[in-house]
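Notes for the one structure printed next.
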Amino acid sequence: QVQLVESGGGLVQPGGSLRLSCAASGFTLVNYAIGWFRQAPGRELEDVSCISSSDDSTYYADSVKGRFTISSDNAKNTVYLQMNSLKPEDTAVYYCAAEYVYYSGSYSYTCGAGAMDYWGKGTLVTVSS
């Protein structure tokens, strides 16, 4: 059974750090691009970061660049999102999702929410004093 499970969310003070985990089962992460997305109350889904082990690429939204770091442990089939210098505006439910990476001379993937094949159920991050 294909499954993505997020963990690591919680309540943290502004300026603090959290590390989110996205554990995959039923498929191998190395064949997928893994994205992190977030949705704050009353707002649309927003892309945060993405990683592809196929071509060692990472992507960050401007709003988190320099503060968040995405990484992958293929042996554990898990992707992490290290979040530092957290701000109240980072408060949201964070989701991880997986997009299959096709290869036909070059790697093809978008890291866009609409292209994701599998989604986790999310983990809540609250940044507040």
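Quick caveat, the model's predicted, so the values are computed rather than measured. Index from 1, following the sequence.
Shortest non-hydrogen contact noted between Val30 and Ser54 is O-OG, 3.4 Å. Of all heavy-atom pairs spanning Ser49 and Leu81, the tightest one is CB-CD1, 4.1 Å. Ala33 approaches Met116 most closely through the heavy-atom pair O-SD, 4.4 Å. The two residues Ala40 and Ala92 make their nearest non-hydrogen contact at N-CB, 3.7 Å. The shortest heavy-atom contact between Phe37 and Ala97 is CE1-CB, 4.0 Å. Scanning all heavy atoms of the two residues, the minimum distance from Arg67 to Leu86 falls at NH1-CA, 3.9 Å.
Between the OH atom in Tyr94 and the CD atom in Gln39 there is a gap of 12.0 Å [rounded to 0.5 Å]. Taking CG of Leu4 as the reference point, atom OG1 of Thr78 lies at 10.0 Å (rounded to 0.5 Å). Taking CG of Asp47 as the start and CH2 of Trp36 as the end, the distance is 14.0 Å to the nearest 0.5 Å. Put simply, OG1 on Thr69 and CE on Met83 are 11.0 Å apart, with the number rounded to the nearest 0.5 Å. With rounding to the nearest 0.5 angstrom, the OH atom of Tyr118 is 10.5 Å from the CD1 atom of Ile34. Residue Thr110 holds its OG1 atom at 4.0 Å from CD of Glu99, rounded to the nearest 0.5 Å.
Applying the ring pair (Phe, Tyr, Trp, His ring centres under 6.0 Å) test between Tyr32 and each of Tyr100, Tyr109, Tyr102 identifies Tyr100 as the sole match.
Val79 and Val48 fall within a single hydrophobic cluster, where Ile, Leu, Val, Met, Phe, Trp and Tyr side chains are chained together by heavy-atom contacts under 4.5 Å. When hydrophobic clusters are built by joining Ile, Leu, Val, Met, Phe, Trp and Tyr residues whose side-chain heavy atoms come closer than 4.5 Å, directly or via intermediates, Val101 is not grouped with Phe27. One hydrophobic cluster, built from ILVMFWY side chains closer than 4.5 Å, holds both Val64 and Leu18. A single hydrophobic cluster is not seen to contain both Ile51 and Tyr80; linkage of ILVMFWY side chains at heavy-atom distances under 4.5 Å, directly or through other members, places them apart.
Of the possible donor and acceptor atoms, one in the side chain of Asn77 sits under 3.5 Å from a partner among the backbone N and O of Leu29. Side-chain N or O atoms of Glu6 include one that pairs as donor or acceptor with a backbone N or O of Cys96 at under 3.5 Å.
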Exercise for the section: Quick one: do Val2 and Asp117 satisfy side chain to side chain contact (heavy atoms under 4.5 Å, CB included)? Show the steps, please. Expected result: CA-CA 10 Å; Val2 171; Asp117 298 296; over 6 Å; no
Walk me through whether Ser17 and Val12 qualify under side chain to side chain contact (heavy atoms under 4.5 Å, CB included). CA-CA 7 Å; Ser17 298; Val12 63; over 6 Å; no
Q. Does the pair Ser25 and Gln1 meet the rule for a side chain to side chain contact (heavy atoms under 4.5 Å, CB included), with working shown?
A. CA-CA 7 Å; Ser25 58; Gln1 181 181 2; over 6 Å; no
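Within a 6.0 Å sphere centred on CD of Glu44, heavy atoms belonging to other residues, nucleotides or ligands number 12 at most.
A salt bridge links Lys65 and Asp62; the closest N-O separation between the charged side-chain nitrogens and carboxylate oxygens is under 4.0 Å.
Taking 4.5 Å as the limit, some side-chain heavy atom of Ser63 sits within range of a side-chain heavy atom of Glu46.
Side-chain contact annotation: Asp55 with Ser52, donor-acceptor N/O pair under 3.5 Å present.
The aromatic rings of Trp119 and Tyr95 lie perpendicular to each other, with more than 60° between the two planes, well past the 30° mark.
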